[in-house]
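In what follows, chains carry the letters A, B, and so on, assigned in the order in which the sequence lines appear, proteins first and then strands, with residues in each chain numbered from 1. This structure is a prediction, so every number in the text was calculated from the model and none was measured.
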Protein chains: 2
Amino acid sequence: MARTAGPETHHTRILEEFRQKIVDRIWGPGFQLDKETDLATQYGVSRMTMNKVLTQLAQEGFVVRRKRSGTFVSKARTQAAVMPINNLADEVEALGKTYRWQLFAAEIRVPQAAELRLLGVESPPIPDEVIVLGGMHYADDEPFCLETRAINVDVVPNARDVDFATQVPGHWLLQSMPWSTARNAIRAVNVAGSEARNLDLPVGAACLEILRKTVMGSDWVTYARLLYPGEAFQLTAEFKTKVTPKALAPQS
Amino acid sequence: MARTAGPETHHTRILEEFRQKIVDRIWGPGFQLDKETDLATQYGVSRMTMNKVLTQLAQEGFVVRRKRSGTFVSKARTQAAVMPINNLADEVEALGKTYRWQLFAAEIRVPQAAELRLLGVESPPIPDEVIVLGGMHYADDEPFCLETRAINVDVVPNARDVDFATQVPGHWLLQSMPWSTARNAIRAVNVAGSEARNLDLPVGAACLEILRKTVMGSDWVTYARLLYPGEAFQLTAEFKTKVTPKALAPQS
DNA sequence: GTCGCCAATATGTATACTCAAAATGTAAAT
DNA sequence: ATTTACATTTTGAGTATACATATTGGCGAC
């Protein structure tokens with residue numbers, strides 16, 4: 001589990017030492033570090049090197065730096081979870097199961113109001129032509145995730161020519177449009193009707209619903225709704241304590 | 001919504017320009033940037049400044065740097081969601097509602113097997129003395145979150161003297177033990193029995209269940225189970241596309 | 001032609017030195 | 001007594017320079 005023995009350079013060594021001191025509360029919240037010139041001489045490095053260490057620590061949120069005032073260990077406030085949302089095929093195959101994607105329908109047309117509501121579309125500028133599609137992700141032929149999606153053809157014109165029966169929409173979009181931004185909302189819902197039938201669940205079963213809006217620049221690329229059987233699926237996230245951008249004031 | 005107009009320094013300006021170029025795919029995945037000495041002269045800065053920019057970009061995962069080879073725009077693979085999990089009081093008050101915490105019971109004793117199962121405790125080393133507590137978070141006197149928790153007294157000895165009727169456990173722990181690490185699992189479940197009654201929900205209603213294990217060094221600090229009324233509550237997360245640590249190879 | 005060694009090259013790390021910006025405490029002025 | 005002005009201190013940003021390190025492409029030996 002040991003990290004791949006990073007390069008033993010001055011600044012990485014000092015960085016790790018400082019982080020450890022803070023995590024172990026040897027330097028507790030509010031503690032004021034010596035000024036960077038002093039620290040530099042104490043550790044036998046130049047100010048630039050010590051500056052690199054402290055700047056990095058500040059970026060990671062461990063310390064707050066204020067001109068004329070000094071460098072302080074920050075107080076933890078918020079917790080930020082880094083949650084990897086991989087593509088489903090990888091995730092399913094990591095469990096040793098076979099993955100399969102089944103397209104139900106895909107059409108280029110004006111989306112209906114009900115569909116927009118389902119997908120959580122709030123901003124009115126809806127283009128005339130949108131790919132509306134639905135399908136199911138299977139793991140060993142068991143329903144794993146029900147997907148409903150709208151794709152903005154204006155932003156991704158070559159989506160027109162893609163056969164989403166063979167290409168998994170999410171995966172294709174990720175490959176096709178790297179560096180986009182997304183906003184997720186996660187809820188628990190009771191399934192009913194055709195959704196319950198498709199997922200092979202009793203009516204009223206709890207499901208995890210992820211509404212994802214993907215944005216590229218100023219335009220939306222896709223709205224997706226992913227519905228997972230509740231008990232069978234779970235999202236996991238590892239995280240460290242972090243500070244809120246505000247409330248950084250050192251001990252007064 | 002505009003970011004608080006950051007300092008207009010050389011390296012931040014260039015950094016933003018490069019990020020934009022990559023996000024807008026002017027520099028697509030696999031694109032090789034000019035070498036840093038050339039870029040430095042092109043942008044009229046010293047190599048150290050350009051180095052700072054490129055190092056930062058590499059840390060953010062936008063580019064991969066290889067000695068002798070050059071700097072390449074990396075290919076997006078995974079998406080990482082950064083999900084802030086604030087303390088509930090702040091969250092509730094952000095909605096303009098009044099927050100209230102109601103303790104049901106808190107005891108120091110050996111936890112029961114059923115409780116450990118509920119909390120998702122898997123690793124056997126259970127200390128003899130554990131604080132087992134349960135309570136409810138209210139927003140405007142409506143049930144908002146049902147909490148069940150175990151606290152490791154060996155790791156947090158002063159938790160003995162805390163009155164968890166007035167102190168919210170999660171908040172107190174966060175203040176008391178900053179820089180801990182946690183692992184979250186998020187599921188959807190159907191509520192039943194006393195849980196449904198306490199949350200004022202019909203039996204079978206979908207709820208969001210968060211199992212959180214908090215670790216400090218090598219010991220566990222607390223296991224918590226947070227149950228949110230499904231339809232009423234949702235987690236949201238903003239995120240950008242990121243690269244996997246592996247699979248960074250430039251276009252061959 | 002193939003294999004292995006070597007040198008050229010791009011990044012990585014570090015130093016020493018400037019000047020700028022911001023915050024704080026002190027002293028002067030109203 | 002309160003405000004204003006100023007000097008000091010600490011971080012922030014940038015430059016010029018040097019040497020280390022890894023990798024790649026070419027050259028030579030076989």
**Request:** May I have the distance from A:Gln59 (atom CD) to D:dT11 (atom C1'), rounded to whole angstrom?
**Result:** 15 Å
**Request:** Classify the nucleic acid contact of B:Thr71 as base, sugar-phosphate or nothing, counting any heavy atom under 4.0 Å across all strands shown.
**Result:** sugar-phosphate
**Message:** Please tell me if B:His11 has a side-chain N or O lying less than 4.0 Å from either OP1 or OP2 of D:dG14.
**Reply:** yes
**Asked** Hey, does the side-chain of A:Arg68 have a donor or acceptor N/O within less than 3.5 Å of a partner on the base of D:dT10?
**Response** no
**Prompt:** Can the ring centroids of A:Phe72 and A:Phe62 be said to lie less than 6.0 angstrom from one another?
**Reply:** no
**Request:** Using only side-chain N and O atoms of A:Lys67, determine if any of them is under 4.0 Å from OP1 or OP2 of D:dG12.
**Result:** no
**Item:** Distance in angstrom units between B:Asn51 CG and D:dA18 P, rounded
**Value:** 17 Å
**Prompt:** With under 30° as parallel and over 60° as perpendicular, where do the rings of A:Tyr43 and A:Phe18 fit, or are they tilted in between?
**Reply:** perpendicular
**Prompt:** Tell me: CD of B:Glu36 to C1' of D:dT21, nearest whole Å?
**Reply:** 14 Å
**Any B:Ser69 side-chain nitrogen or oxygen under 4.0 Å from OP1 or OP2 of D:dA22** = no
**Asked** Would you say the side chain of A:Arg47 and the base of D:dG12 hold a donor-acceptor pair, judged only by whether the two atoms sit under 3.5 Å apart?
**Response** yes
**Prompt:** From the list D:dG14, C:dT13, C:dT15, which nucleotide is the closest neighbour of the side chain of A:Val45?
**Reply:** C:dT15
**Prompt:** Below 4.0 angstrom, N of the basic side chain to O of the carboxylate: do A:Glu17 and A:Lys21 qualify?
**Reply:** yes
**Asked** Could you state the CD-P distance from A:Gln56 to C:dT13, rounded to the nearest angstrom?
**Response** 11 Å
**d(CD1, B:Ile14; P, D:dA13) in whole Å** = 13 Å
**Request:** For the pair A:Trp101 (side chain) and A:Phe164 (backbone), establish whether a donor and an acceptor sit closer than 3.5 Å, ignoring hydrogens and angles.
**Result:** yes
**Message:** Output the rounded distance in Å from NZ (B:Lys52) to C1' (D:dA13).
**Reply:** 6 Å
**Prompt:** Please give, in whole Å, the distance from C:dT9 C1' to B:Gln32 CD?
**Reply:** 12 Å
**Prompt:** Rounded to the nearest Å, what distance is computed from the NZ atom of residue A:Lys35 to the C1' atom of nucleotide D:dG12?
**Reply:** 16 Å
**Fill in**
With the side chain defined as heavy atoms from C-beta on, B:Met48 is closest, among D:dT17, D:dT24, D:dG12, to D:dT17
**Request:** Please tell me if the side chains of A:Met216 and B:Arg25 come closer than 4.5 Å, counting only heavy atoms from C-beta onward.
**Result:** yes
